[in-house]
Amino acid sequence: MSENALPLRKVHHVELWVGNAKQAEYYYRKAYGFSRVAYAGPETGVRDRASYVLQQNKIRLVLTSDLTGEGPIAEHVKLHGDGVKDVAFEVSDADLCHKLATERGAENVADPSTLSDGNGKVRHASIATYGETIHSFLDNSDYDGPFLPGFRKENVQGTPTGLLIVDHIVGNQGENQMEVWAEFYSKVFGFTRFLSFDDKDISTEFTSLRSVVMAAPNNVIKMPINEPAPGKKKSQIQEYIESYRSAGVQHLAMLTTDIIKTIRQLRDSGVKFLEVPDTYYEALPDRVGEIDEDMNVLRELKILVDRDDKGYLLQIFTQPVQDRPTLFFEIIQRKGSDSFGKGNFQALFESIERAQEERGNL
Ligand code: FE2
């Protein structure tokens with residue numbers, strides 16, 4: 001345990017600022033199987049926004065829309081489209097996290113304050129990270145409500161799809177910004193370099209990226225940072241940056257312990273995933289060796305496999321979840337492996353490039 005590390009416990013929630021939270025809530029509930037557990041908006045005395053809280057096991061997504069046509073949410077959606085605004089951490093001491101982070105150079109977004117309602121109180125503070133993304137610090141040890149103070153309890157059940165916990169959250173940076181932000185997570189948060197790979201690891205004939213995985217000392221929070229690398233054509237990271245109009249969260253990976261069951265359910269409910277060439281599955285047995293799963297089923301569902309020295313992992317990537325080619329999701333199952341599927345980037349990249357080409361962005 002690094003003594004520099006901020007006392008983060010885990011990801012408390014991820015908040016997306018979207019154009020139409022009411023409809024987005026329906027999509028994530030119906031397609032991904034989240035349940036709506038809390039709400040805040042005009043009916044609860046909030047005048048400028050509506051926020052829907054979705055939960056599945058330990059994953060909480062908050063979908064927030066502006067109601068006024070002006071102010072930070074409206075401006076954010078106008079510039080970026082739908083996207084992740086806040087990766088909020090549950091912490092043991094929000095004041096200390098905020099104090100240390102700002103002393104170490106993070107930009108203040110919200111000074112520490114106490115939020116309270118009949119269910120207790122929560123200490124809250126926020127700092128800025130890449131792009132217009134923020135990190136909130138929440139100490140909810142004195143709170144017993146459905147989400148946070150001000151939210152009313154809701155109970156609209158989704159059909160769970162086996163999504164358990166946020167495995168990692170990836171940020172896309174502009175050119176030559178990866179080291180800057182890796183250093184930010186190292187200096188401000190006390191994260192360590194868990195893994196890194198460069199454009200020799202992840203590239204196709206045309207485009208490539210560099211990536212470094214920053215991890216909290218207890219490894220419960222992992223935040224890979226990507227940047228585009230030069231190629232003959234435009235990197236998918238560059239396409240993201242141009243579409244989102246800044247750095248931001250590229251994807252959120254959610255863990256399952258039965259990816260075949262999860263992906264069958266998600267496909268049945270209409271979630272669209274990246275295509276994978278059949279040649280990928282022809283090469284798979286030689287690349288990963290013995291695995292527990294039926295290769296034919298993996299091929300049918302387009303699930304990817306990668307192996308490292310500790311074991312293997314299964315993963316799959318959704319298509320972007322809004323019209324701009326920005327945020328998407330990853331579903332991942334780990335069987336010993338604690339890496340991120342580096343060997344799949346080649347297959348993934350080739351697949352993404354086909355989609356990029358169809359959009360005329362390659
Ligand atoms: Fe990932």
Side-chain angles (χ1 to χ4, degrees), residues 10-11 14 16 32 59 61 83-84 87 129-130 133 162-173 178 181-182 185 191 193-199 201-203 207-216 219-229 235-237 239-241 244 247-257 259 262-263 266 271-276 280 288 302-308 310-321 325-353 355:
K10 57 186 173 188
V11 175
V14 176
L16 287 76
Y32 289 80
I59 307 168
L61 299 180
V84 171
V87 175
T129 180
Y130 46 77
T133 318
L163 302 175
L164 298 174
I165 193 168
V166 173
D167 186 90
H168 58 277
I169 298 173
V170 181
N172 277 349
Q173 313 304 327
M178 178 186 76
W181 289 99
Y185 281 98
F191 284 11
R193 278 164 203 257
F194 187 77
L195 273 175
S196 66
F197 27 84
D198 64 19
D199 48 324
D201 293 323
I202 306 174
S203 64
T207 81
S208 59
L209 65 74
R210 284 182 282 263
S211 188
V212 54
V213 179
M214 302 305 294
N219 278 342
V220 298
I221 298 162
K222 298 197 201 94
M223 301 204 59
I225 305 286
N226 294 336
E227 71 179 6
S235 169
Q236 54 145 315
I237 310 305
E239 186 197 34
Y240 173 101
I241 297 291
Y244 199 62
V249 171
Q250 177 206 40
H251 75 267
L252 199 82
M254 303 186 283
L255 191 75
T256 172
T257 51
I259 197 166
T262 296
I263 299 308
L266 295 182
V271 176
K272 297 283 184 255
F273 296 93
L274 289 185
E275 284 301 320
V276 182
Y280 175 91
V288 300
K302 306 289 189 205
I303 294 168
L304 306 169
V305 190
D306 199 23
R307 186 179 278 286
D308 61 26
K310 293 181 183 161
Y312 69 99
L313 62 80
L314 303 112
Q315 65 187 166
I316 186 168
F317 301 88
T318 73
Q319 291 181 15
V321 290
T326 52
L327 178 69
F328 61 87
F329 291 90
E330 172 184 349
I331 315 300
I332 183 167
Q333 180 177 3
R334 296 186 176 280
K335 294 206 157 177
S337 164
D338 59 7
S339 55
F340 297 83
K342 188 177 88 173
N344 280 324
F345 273 85
Q346 191 77 19
L348 172 67
F349 252 50
E350 287 169 5
S351 167
I352 288 180
E353 281 177 11

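Indexing begins at 1, ligand by ligand and atom by atom, following the structure's order. When a residue number appears, it is its place in the shown sequence, counting from 1.
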Measuring from Ile225:CD1 to Gln173:CD, what's the distance to the nearest 0.5 Å?
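Between Ile225 CD1 and Gln173 CD, I get 5.0 Å after rounding to 0.5 Å.
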
For Arg334, is there an ion pair with Asp167 - N to carboxylate O distance below 4.0 angstrom?
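Yes, charged N to carboxylate O under 4.0 Å.
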
What I'd like to find out is whether the side chain of Ile263 reaches to under 4.5 Å of the side chain of Phe273, using heavy atoms alone.
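Contact flag for Ile263/Phe273 side chains = yes.
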
Which atoms of the protein, restricted to N, O or S, are nearer than 2.8 Å to the Fe ion (ligand 1)?
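Within the sphere that stays under 2.8 Å of the Fe ion (ligand 1), the protein atoms of type N, O or S are His168 NE2, His251 NE2, Glu330 OE1.
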
Kindly assign one of parallel, tilted or perpendicular to the pair Phe328 and His251, based on the angle between their ring planes and the thresholds 30° and 60°.
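If you compare the ring of Phe328 with that of His251, the planes turn out parallel.
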
So which of Leu61, Thr318, Ile59, Thr262 actually passes side-chain contact (heavy atoms from CB on, under 4.5 Å) with Tyr32?
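Of all the options given, the one that passes is Thr318.
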
Just to verify, what does Tyr240 make a ring-ring contact (aromatic ring centres under 6.0 Å, His included) with, not counting sequence neighbours?
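Listed in chain order: Tyr244.
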
